[in-house]
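Here the structure is laid out as structure tokens; the discussion comes afterwards.
In what follows, every heavy atom counts, from backbone to side chain, and hydrogens, waters and symmetry copies are set aside.
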Amino acid sequence: MDSPSVLLNKTKAIQGLPVLELSSICINSTLCLVFLFIVSVRKISVCAGLVGLTRKDDSISTPNPIGPILEPCEVKVGNLFKLSICSCLYVLFVQVLVLGIDGASLIREAAIGNSVDWSLLSFSAAQCLAWIILSFSALHCKLKVSQKFPLLLRIWWFLSFAICLTTLYVDGRALYFEGFRSLFSHAVANFASAPALGFICFMAAKGDTGIQTSRNPGLQEPLLLEEDAGCLKITPYHDAGLFSLATLSWLNPLLSAGAKRPLELRDIPLLAPKDRAKTNFKVLRLNWEKLKADNPLEKPSLAWAIIKSFWKESASNAIFAGLNTIVSYVGPFMISYFVDYLGGKETIPHQGYVLAGTFFVAKLIETLTTRQWYLGVDILGMHVRSALTAMVYQKGLKLSSSSKQSHTSGEIVNYMAVDVQRVGDYSWYLHDIWMLPMQIVLALAILYKNVGIAAFATLIATIISIIVTVPIAKIQEDYQDRLMTAKDDRMRKTSESLRNMRILKLQAWEDRYRIRLEEMRDVEFKWLRKALYSQAFITFVFWSSPIFVAVVTFGTSILLSHQLTAGSVLSALATFRILQEPLRNFPDLVSMMAQTKVSLDRISGFLQEEELQADATLILPRGMTEVAVEIKNGVFSWDSAKLKPTLSDIQLKVERGMCVAVCGMVGSGKSSFLSCILGEIPKIAGEVKICGSAAYVPQSAWIQSGNIEENILFGSQMDKIKYKHVIHACSLKKDLELFSHGDQTIIGDRGINLSGGQKQRVQLARALYQDADIYLLDDPFSAVDAHTGSDLFKEYIMSALAMKTVIYVTHQVEFLPAADLILVLKEGRIIQAGKYDELLQAGTDFETLVSAHHEAIEAMDIPNHSSEESDGNLSPDAPISAKCSIERPGVGSLVKEVHEGVASSEQKAIKEKKKSKRSRKKQLVQEEERERGRVSMKIYLSYMAAAYKGLLIPLIIIAQALFQFLQIGSNWWMAWANPQTEGDKPKVSAMVLLVVYMALAFGSSWFIFVRAVLVATFGLAAAQKLFLKMLRSVFRAPMSFFDSTPSGRILNRVSIDQSVVDLDIPFRLGGFASTTIQLLGIVCVMTKVTWQVLLLVIPMAVACLWMQKYYMASSRELVRILSIQKSPIIHLFGESIAGAATIRGFGQEKRFIKRNLYLLDCFARPFFYSIAAIEWLCLRMELLSTCVFAFCMILLVSFPPGSIDPSMAGLAVTYGLNLNARLSRWILSFCKLENKIISIERIYQYCQIPSEGPAIIQSCCPPTSWPENGKIELIDLKVRYKENLPMVLHGVSCIFPGGKKIGIVGRTGSGKSTLIQALFRLIEPVDGRIIIDNIDIYKIGLHDLRSRLSIIPQDPTLFEGTVRGNLDPLEEHPDSKIWEALDKCQLGQIVREKELKLDTPVLENGDNWSVGQRQLVSLGRALLKQARILVLDEATASVDTATDNLIQRIIRTEFKDCTVCTIAHRIPTVIDSDLVLVLSDGRVAEFDTPAKLLEDRSSMFLKLVTEYSSRSNGIPDS
């Protein structure tokens, strides 16, 4: 206990305080006690209330413990309340600052040895305590949603303002009479607090908080979709207040949610309308079109269009950038004054505290402006990327055929994935162009103050540094350009390989194409290596540039005999340190400008490509004329450079409601004819008019990813009755029943889990549901069996489309008599037109087609009894005859028929859909998987060990540590060796000073070069190893992986993720090591001078790590969501470009553009929040480090004069100025590294794909002559596509004798193609075996198996390249053999007519060859391969009957000793087989010779033959 004398002294000391201060202490203390009393009473009453409730619990029903249930309401916080909170916090900050200054002053007095009166702190302490309570009380009003401030709070505010006014009067009077001598910290604080206290007093008088509550009706309505619940709220950034924007506190709700559980897309709020893709796309498109219209003859500038579109955002961002640049130079400018002050040179009272305050305020403004600037450029980049991506997508839908030849889908995806990204990233460098000169001018001004005329030498050295970069940047640009070209080539070939992986595996070509991709990667890698090593040299040059500038400056100053002092040297060094950033960034700026220019030119060139002719087809409104389609003097050509047009002299008039059939030999121009009506083929002359809307069904089915229902509706609203009618008309009902999820079944990439017939019928259903006026059908019946084809023709064309205009291309002659008009095409001309009977009488080409059909029918020896039990099918007595002679019910009657069954099944359908949604996880295509939680250490270690087993990592760290050590050493040397004040004697001679500094400085830059080279070497080796591992893993993946994985997901990894690994991650890793060592260096220098800093550094480090952990929980998931959201955009790009003709045919461009904009917003949402989260973290890191720096400054000015070396203190401040930037960069580099390492995580996922069987098993290699006989035994074969999907083949057992012709028939979806996939081991069976010539095919290597079998697949596939490359990709055969194969498959003459013969180019997907010709090329491949077993999977579906007969003759001749398995819907194709296998629902229904099966009245094969012959017998003989 204190003695009475001590207590008396303390009382006297307190009494010695001014009266006003004593009054303030008394008032604040009293009000604090009242506040505590009120709080205590409330707590006691709450406890008493709870006890009362528990006692009543026995007799009364349990009350709601939470209290009354509040109605859903929306809380709006007004600006006045926010300003009140800001004012309270501001006054609190001022009082804390005063307490700190007073405390530091007393500490300094105590250090000298003077007696100190600690009670002098009582006023400041009382003020701090009061304002802490006041601030939290005001904030509590928001928590309680109070509309009035508490009475006590208002009284307290009023009294505080009254004391302030009184004190202002006293201090003002003293200032007037005594001048600045009367000023002290309390007076300055009072002046500073007065405006805020005045506003608070006004709010106290007003009483209202400004918080409003309103009922939110939207919250009371049930949400339609559970998963979209989180998506209904718009980002708080949209209407955040000034304080919230400055501190980024609007992010707190999301980060708080992310800290509790992994975030999902639905947790991320919607973007504000101004940030959405649609808004930015409209603005950019408008400016782009305006530029094109203003100067039609000049090439428009895309860069100028972007500037015009986004200049406002850029300008507001420039204000933050400019302010940030100015305040960043305050520190270097003030250092010399600070060193002088520590040396004993004081010019104004309390100069040390004024200097410390100036440093603090400058760093605070710098921190706040930096975060706003960086967030602004990120948002600007996001806007530019969204707008450009939408522009590229829209252009992709409009490209003409000639433009498509020069821009493949892979290239267009690259424009979006790489070029658009680069243009968006340029926003980071946008302001550097004008900031660099500004920074140089500010630096020169400071240097002129410190080193005088030598500053001009600095300018010259700076200019030299910049000029040196120009040639290096040009080299870098060239490397980047070549790198992008090589990447384009690789991506195009990768995209093609993934798209056609099925054919590569069937033909055993996957290794050849993988090697080709590896060779293309080697070319890309060569340019990548040059780019990275040149970047390493640039790093060396630009770390050396500031050192070179410093040496020139100091050298010139010494030569001019200018007196250097420690203060001027440290000020100059701090200036060089700031100048170092723009100088070091200048090569990046030049390189980025070059790269961006390349990307802008590429995108601009693409956007200016030729579009489809707007006037190619004139569309008239429905009902305007009776003529539905009219073509006058039409001349059309896919390639305008060719002399011979594709179609010529086309004259056609189709009246509304007519049914027109188009036929002709393979390559006669039938598909091109439909394209000319749609406006797809360039029109050279003539006129095309259509009246009403059109629907188009292409020959090669285009199916969207999604479920079957979405494909049929194709953007239209669901109409149950109409939908049921469409399913019925397209014979889809039975197929949907077979699918476990019905019409909710997710379709794999390109409709992979549907059979050819099912795909075609889904297309037909899509067209029918649109209820168009004109239907253009390109060979719609080729992929379906005879029964389904008959049903389709009767229900679809003859009934559902009875009142519509229909133009259909067909090879099936039996469907021709029903047409009102038949067009016969040959070599691009309509050589015959008329009704069936008229054309037969005229003879010529049409007669040839019909005769070929009759020959095929006559070859079928069908017993007479076959018609007796035709099971309700069309009989010979009821042929499909002309349209006018059959009574055809229209859509209305069919709708009425269906309507009866709809009502009863409505509830059932809803239940089915719900069940389907719940069991979505059993679908073939699943949502893209992503890891959750922290990135596994295994990923980091696997990456670091990928190159040289991680041996380079320690060398990189050592090189960086030596660089930092030498750099600190060089700065320390300059601070130590120079005199502290002018007139003092230097410690060493000028020459020694300069030589030692140069040795240390240039030595440090040498180690930076070593580090940069090591990082580049490490990055290159790791990237190449990961790429090859992923590529080999993907190519060795089973076919089920490609069936269930959209190609966009794989392309995302091999393009975007691989680019990150190539160019980003090694430098991120190096940058993190560099920043860590730099930060340690700064802390070491500061603690060497003022060890007390450690008292704050350690808790600050703990706080930083906690915040980093808190931030990373959300950031990591945001980046993962971001990676996943990129894939759907890429997938939609590829899908839309492939189906552009269908999309245009239905007039659905707008819907697809909207879908793209929606996906862009889904990507932008996590992107926006991830960049904002980074700034949120950096802001808090920098504020902490600014406080540490301020504490260090106060300590330095509080130490007694002479107790610390001014030079060392100045060095500590020089490094301390960089503390906040380095700390935030350290945390940021770690977070960005973890975010980027997710790319490795995603690549690593694809390096772990379960592989299909080995290509070659050395111990079980079959003999080179195997298979000799070609005998195939199927033993209890059971197959399903995936573990969670239903069985497709149920115990199939049979034997195909060697050298025989086996026909495989069955209804659509009966398992025919699945059987073939099992034979080629594209699907591994669940049970059973397949034995070929006594060898179990599951015991030998896949390459050995597939290379010995030959197939002509259902979907004919051509690869981009040449005719030779498509026939013989393995280059195993001479040209003579290739010509022989071409002649045999009827393509020899066509190829000879081409200018380049075997080197004739084949475009992507074989677009410059008809589907029939592509099928003939597949036959040519089989002829070259000459395998003992040949499989034909609907090989002649896309050719006319005459060509089919010819192909069958070729196969009978060329493969007479081979086992030929033929799947066909055309019965004549299989009728002459030795044996026929009939499949039904995945089981063997029948297996015998055709003759025996036809004799059996109950035979399923007999029914199929009857159906085919029945629909054919109605055709009159020629």
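- Within 6.0 Å of the NZ atom in Lys1301, the count of heavy atoms belonging to other residues, nucleotides or ligands exceeds 12.
- Here the side chain of Ser495 pairs no donor or acceptor atom with the backbone of Met491 at under 3.5 angstrom.
- Judged by distance alone, the side chain of Gln507 and the main-chain N or O of Leu504 form no donor-acceptor pair under 3.5 Å.
- Under the 3.5 Å distance criterion, the side-chain polar atoms of Arg1364 are left unmatched by any main-chain donor or acceptor of Asp1375.
- Atom CD1 of Ile1331 sits about 4.0 Å away from atom CD1 of Ile1275, to the nearest 0.5 Å.
- Under 4.0 Å is where a charged nitrogen must lie from a carboxylate oxygen, and between Glu1252 and Arg1321 no such pair does.
- No hydrogens or angles considered: nothing links the side chains of Ser1418 and Arg1414 as a donor-acceptor pair under 3.5 Å.
- Lys1312 places no side-chain N or O within 3.5 Å of a backbone atom of Thr1462 that could act as its donor or acceptor partner.
- Under the 3.5 Å distance criterion, the side-chain polar atoms of Lys1425 are matched with a main-chain donor or acceptor of Leu1349.
- Separating the CG atom in Leu1345 from the CD1 atom in Ile1340 is a distance of 5.0 Å, to the nearest 0.5 Å.
- Side chain of Thr1362 to main chain of Gly1365: a donor-acceptor pair is present (N/O by atom type, distance under 3.5 Å, no hydrogens or angles).
- Counting non-hydrogen atoms of neighbouring residues, nucleotides and ligands closer than 6.0 angstrom, the NZ atom of Lys1300 reaches no more than 12 such neighbours.
- In this structure a side-chain-to-backbone donor-acceptor pair under 3.5 Å is missing from Asp1488 to Leu1493.
- Distance CZ/Arg1032 to CD1/Ile1249: 14.5 Å, rounded to 0.5 Å.
- Under a 4.0 Å N-O distance rule, the pair Arg492/Glu496 does not qualify as a salt bridge.
- Between the side chain of Asp1333 and the backbone N or O of Glu1268 there is at least one donor-acceptor pair closer than 3.5 Å.
- Legend: residues meeting side-chain contact (heavy atoms from CB on, under 4.5 Å) with Arg1483, ordered by chain and number and at least two apart, are His1290.
- Listed by chain and number, the residues in a side-chain contact (heavy atoms from CB on, under 4.5 Å) with Ala1138 are Trp702 (sequence neighbours excluded).
- Here Glu1371 pairs with Arg512 in a salt bridge; the nearest charged N to carboxylate O distance falls below 4.0 Å.
- A distance of 7.5 Å separates OG1 in Thr494 from CG in Leu1051, rounded to the nearest 0.5 Å.
- Between Phe1359 and Tyr513, the angle of the ring planes lies from 30° to 60°, which puts this pair in the tilted group.
- At distances below 3.5 Å, not a single donor-acceptor pair connects side-chain atoms of Lys505 with backbone N or O atoms of Arg1036.
- Formation of a donor-acceptor pair under 3.5 Å by the Arg1421 side chain with backbone atoms of Asn1366 is found in this model.
- Here the shortest heavy-atom pairing between Cys1385 and Leu1419 reads CB-CD2, 3.8 Å.
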